[in-house]
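Computed over heavy atoms, backbone and side chain alike; hydrogens, waters and symmetry mates excluded. All figures in this text were calculated on a predicted structure; none of them were measured in a lab.
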Amino acid sequence: MSRFVIIGNSAAGIGCAEGIRTVDKDSEIIIISNEPHHTYSRPLISYLLCGMTDEQRMKYRPDSFYKDNNITAMLGCTVTAVDPAAHTVSLDSGEKIKYDKLMYACGSSPFVPPMKGLDTVKNKFTFMSLDDARALDKALSPDSRVLVIGAGLIGMKCVEGIADKVKSITVVDMADRVLPSVLDADGAKLVQSAVEKHGVKFLLGDSAKELFPDKAVLNSGAEVPFDILVVAVGVRPNISLLKDAGADCNRGILTDDTMKTSLDDVYAAGDCTESFDITVKNSRILALLPNAYMQGENAGINMAGVSRSYNKAIPMNAMGMFGYHMITAGTYEGDSFCESDGTDYKKLFFKDDRLMGYIMIGDVSRAGIYTSLIREQTPLSSIDFELIKHHPQLMAFEKTERSAKLSESH
Amino acid sequence: MKRVYVNEKWCLGCHLCEYYCTFANSGVSSMVNALKDKPLRPRIRVEEHDGISFAVSCRHCKEPLCVKGCITGALSVKNGVITVDSNKCVGCYTCILSCPYGCISPDDSGHAISKCELCTKNACGEPACVKGCPNQAIVYEDRDVTDTNKEAAV
Ligand SMILES: Cc1cc2nc3c(=O)[nH]c(=O)nc-3n(C[C@H](O)[C@H](O)[C@H](O)COP(=O)(O)OP(=O)(O)OC[C@H]3O[C@@H](n4cnc5c(N)ncnc54)[C@H](O)[C@@H]3O)c2cc1C
């Protein structure tokens with residue numbers, strides 16, 4: 001019997017626990033989290049605000065999860081130090097907990113850049129956690145004028161979540177387009193105008209020069225009056241505890257492909273780590289939930305003694321804004337193929353006989369077939385690329401490949 | 001476990017599977033009322049090109065990328081069947097992004113997804129597409145190859 005200790009009660013931590021349990025039903029598992037809540041889906045905090053879910057339905061696993069999996073959940077406890085030599089973690093209560101194997105899945109924190117005058121703003125929020133969402137919701141009123149700094153994924157989801165609850169929303173971003181990390185310029189225009197139809201105003205290529213209690217002055221000289229400020233410019237991985245313990249870190253914690261860190265018996269997964277992105281063949285932070293879960297699961301399986309590699313990480317994202325959907329994956333490099341009718345938009349990027357990345361907006365049907373071409377690094381010369389370019393379909397594969405897909409168990 | 005398998009050699013491209021699927025999952029007792037003048041949203045779809053046709057539906061993978069990647073916990077595996085809790089699903093479409101077979105679609109509301117659940121949640125009992133296929137191009141069989149499979153999948 002071993003004792004597995006997991007720090008983090010979200011996608012990567014839960015993935016780890018489920019990974020361990022596929023192999024080892026008996027050993028002790030302790031999950032520690034500084035959030036006092038049952039495991040919940042972080043991306044759903046925006047859906048919570050607009051009423052598309054509630055705190056019960058947004059639970060990431062059923063109420064009986066910890067009991068069913070024989071897990072001790074220590075919720076509302078902050079880990080303050082990791083001692084790899086002694087194999088212990090220290091809690092804010094002063095208690096020390098011993099581990100045989102440790103999973104570090106501490107995620108990321110909102111990054112709030114230094115901004116002149118920020119300390120004079122009373123109603124300011126970040127948008128990362130259930131508590132953030134509850135606090136923001138409390139402050140909102142039908143008369144609120146909201147300024148959101150950041151038109152990335154989190155800022156945009158926040159906009160969608162609150163759009164129907166406030167008087168006005170202005171979004172400011174230094175980048176010249178919305179969702180700059182996942183969309184190209186043309187795709188971003190489509191999404192921006194769809195969101196503008198909901199009364200949201202964008203000031204792009206601009207940033208806050210100085211904040212006052214009730215207005216922001218931008219670099220362009222424009223002034224934006226507001227009652228509520230949301231800062232959503234990005235996230236930073238929480239690496240400090242493991243870094244202080246001596247683990248190799250870059251921007252994120254570094255692991256091998258079993259998800260083990262440079263410290264003995266210490267694994268890490270999720271937003272706090274770097275992943276080897278097979279599309280750019282480089283290590284980078286992929287702060288995405290599917291990646292967090294699968295890294296965590298893989299770590300858990302290894303921690304429980306079965307050797308397995310996780311080596312298919314790619315950037316990929318699905319999101320909708322007011323019912324207008326977009327799915328993106330990979331890297332936007334190489335030649336491209338584009339189809340657009342002003343509502344449905346698709347762009348494929350290919351290089352060296354491989355699909356590198358794609359953007360689909362509006363009609364996103366069967367997008368996963370493209371994702372799998374990227375993930376599996378399928379040579380495009382082995383499929384009917386002309387056919388698949390227009391619609392993702394299994395028909396584009398060779399007959400034997402089709403038959404393997406449809407007549408074998410997977 | 002038993003899954004739906006497809007043999008393109010026998011597929012006539014008649015699309016009956018799509019109709020039977022939509023009907024079975026409509027909750028309506030008359031086929032006419034279920035299908036007439038309604039958008040067809042089957043969970044199995046026929047691909048056709050150049051004289052070849054075959055039906056595609058959820059493979060109920062043992063290592064399901066849709067379930068692992070589900071951001072809400074709405075997708076789960078129950079007795080080998082990948083099922084969706086539409087009450088939890090918000091329609092983010094991360095599963096559509098993830099599924100290598102293209103077998104998950106938005107549902108009527110657009111606020112959740114729909115997928116083949118092997119007719120475990122409707123009155124049909126066993127997959128309606130299989131029962132309705134006139135040429136046995138779609139079958140419901142156990143083709144699992146013991147545990148060695150699992151090793152290979154990993
Ligand atoms: C608004 C929003 C929308 C999003 N939408 C999407 C989306 O559509 N698709 C997508 O793929 N991703 C999305 N994401 C990103 C996704 O939420 C993350 O990638 C995912 O949650 C990462 O999981 P994780 O387990 O690595 O970390 P986290 O979810 O950040 O969890 C970290 C855990 O560690 C705990 N912790 C941290 N430090 C300590 C400590 N010292 N002691 C104890 N516990 C600690 C925290 O309490 C938490 O439980 C979204 C994020 C946000 C905020």
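Only the backbone of B/Cys70 comes within contact range of chain A, with heavy atoms under 4.5 Å apart. Using a 4.5 Å cut-off between heavy atoms, B/Ser105 makes no contact with chain A at all. In this structure, no portion of A/Asn291 lies under 4.5 Å from any heavy atom of chain B. For B/Glu47, the parts lying under 4.5 angstrom from a heavy atom of chain A are both the backbone and the side chain. Neither the backbone nor the side chain of A/Leu373 comes within contact range of chain B; no heavy atom of the residue lies under 4.5 Å from a heavy atom of that chain. For chain B, no part of A/Arg42 is nearby; none of its heavy atoms comes within less than 4.5 Å. With a threshold of 4.5 angstrom between heavy atoms, B/Glu48 approaches chain A through N, CA, C or O but not through any side-chain atom. Contacts of B/Ala74 with chain A are absent, with no heavy-atom separation under 4.5 Å from either backbone or side chain. Neither the backbone nor the side chain of A/Thr39 comes within contact range of chain B; no heavy atom of the residue lies under 4.5 Å from a heavy atom of that chain. In this structure, the portion of A/Ile327 lying under 4.5 Å from any heavy atom of chain B is its side chain and not its backbone. When heavy atoms are compared at a cutoff of 4.5 Å, A/Tyr60 approaches chain B by way of both its backbone and its side chain. For B/Asn87, the parts lying under 4.5 angstrom from a heavy atom of chain A are both the backbone and the side chain. B/Cys99 touches chain A through its backbone: at least one of N, CA, C or O sits under 4.5 Å from a heavy atom, while the side chain does not. The part of A/Leu44 that comes within reach of chain B is its side chain, from C-beta onward, which places non-hydrogen atoms under 4.5 angstrom from that chain.
Among A/His325, A/Glu408, A/Met316, A/Glu297, the residue making the largest number of heavy-atom pairs under 4.5 Å with chain B is A/His325. Note on A/Arg61, A/His391, A/Gln393: by heavy-atom pairs under 4.5 Å with chain B, the leading option is A/Gln393. The candidate with the highest count of non-hydrogen atom pairs below 4.5 Å against chain B, out of A/Met58, A/Met319, A/Lys59, is A/Lys59. Of the listed residues B/Val4, B/Asn7, B/Val139, B/Val56, the one with more heavy-atom pairs under 4.5 angstrom with chain A than any other is B/Val56. The residue among B/His60, B/Lys9, B/Lys88, B/Met1 with the most heavy atom pairs within less than 4.5 Å of chain A is B/Lys88. Of the residues considered (A/Ile369, A/Asn317, A/Ile14, A/Leu288), A/Ile369 shows the highest number of contacts with chain B, using heavy-atom pairs under 4.5 Å. In terms of heavy-atom pairs under 4.5 Å with chain A, the best-connected choice from B/Ser53, B/Cys92, B/Pro64, B/Cys66 is B/Cys92. Heavy-atom pairs under 4.5 Å with chain A peak, among B/Glu8, B/Lys68, B/Glu141, B/His111, at B/Lys68.
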Exercise. Test side-chain contact (heavy atoms from CB on, under 4.5 Å) on B/Val90 and A/Arg57 and set out the steps.
Key: CA-CA 10 Å; B/Val90 294; A/Arg57 283 186 288 158; over 6 Å; no
Exercise. Evaluate salt bridge (charged side-chain N to carboxylate O under 4.0 Å, His left out) for B/Glu63 paired with A/Arg308, printing each intermediate quantity in order.
Key: CA-CA 13 Å; B/Glu63 294 280 331; A/Arg308 187 171 96 151; 3.4 Å; yes
Quiz item: Could you go step by step and tell me if B/Asp50 and A/Met395 meet the side-chain contact (heavy atoms from CB on, under 4.5 Å) rule?
Solution: CA-CA 10 Å; B/Asp50 245 359; A/Met395 187 67 81; over 6 Å; no
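Counted within 6.0 Å of CG on B/Asn79, heavy atoms from surrounding residues, nucleotides or ligands total 12 or fewer; the atom is thus considered open. Counting non-hydrogen atoms of other residues, nucleotides and ligands closer than 6.0 Å to CG of A/Asp164 gives a total of 12 or fewer. Heavy atoms of other residues, nucleotides or ligands lying less than 6.0 angstrom from OH of B/Tyr19 number 12 at most.
Here the straight-line distance linking atom CE of A/Met294 with atom OG of B/Ser98 works out to 6.0 Å at 0.5 Å rounding. Between A/Tyr47 atom OH and B/Ile71 atom CD1 the span is 5.5 Å, to the nearest 0.5 Å. Between B/Arg59 atom CZ and A/Ser407 atom OG the span is 8.5 Å, to the nearest 0.5 Å.
Scanning residues 396-405 of chain A against chain B with a 4.5 Å non-hydrogen threshold yields A/Lys399, A/Arg402, A/Lys405, sorted by number.
B/Thr94 is listed as a side-chain neighbour of A/Pro290, based on a closest heavy-atom distance under 4.5 Å. Proximity of A/Leu406 to B/Phe54: side-chain heavy atoms (C-beta onward) are separated by under 4.5 Å at one or more points. The side-chain heavy atoms of A/Ser372 and B/Tyr101, taken from C-beta on, include no pair separated by under 4.5 Å. Taking 4.5 Å as the limit, every side-chain heavy atom of A/Arg366 sits out of range of all side-chain heavy atoms of B/Ile96.
Considering every non-hydrogen atom in both B/Leu97 and A/Ala329, the closest pair reads CD1-CB, 4.4 Å.
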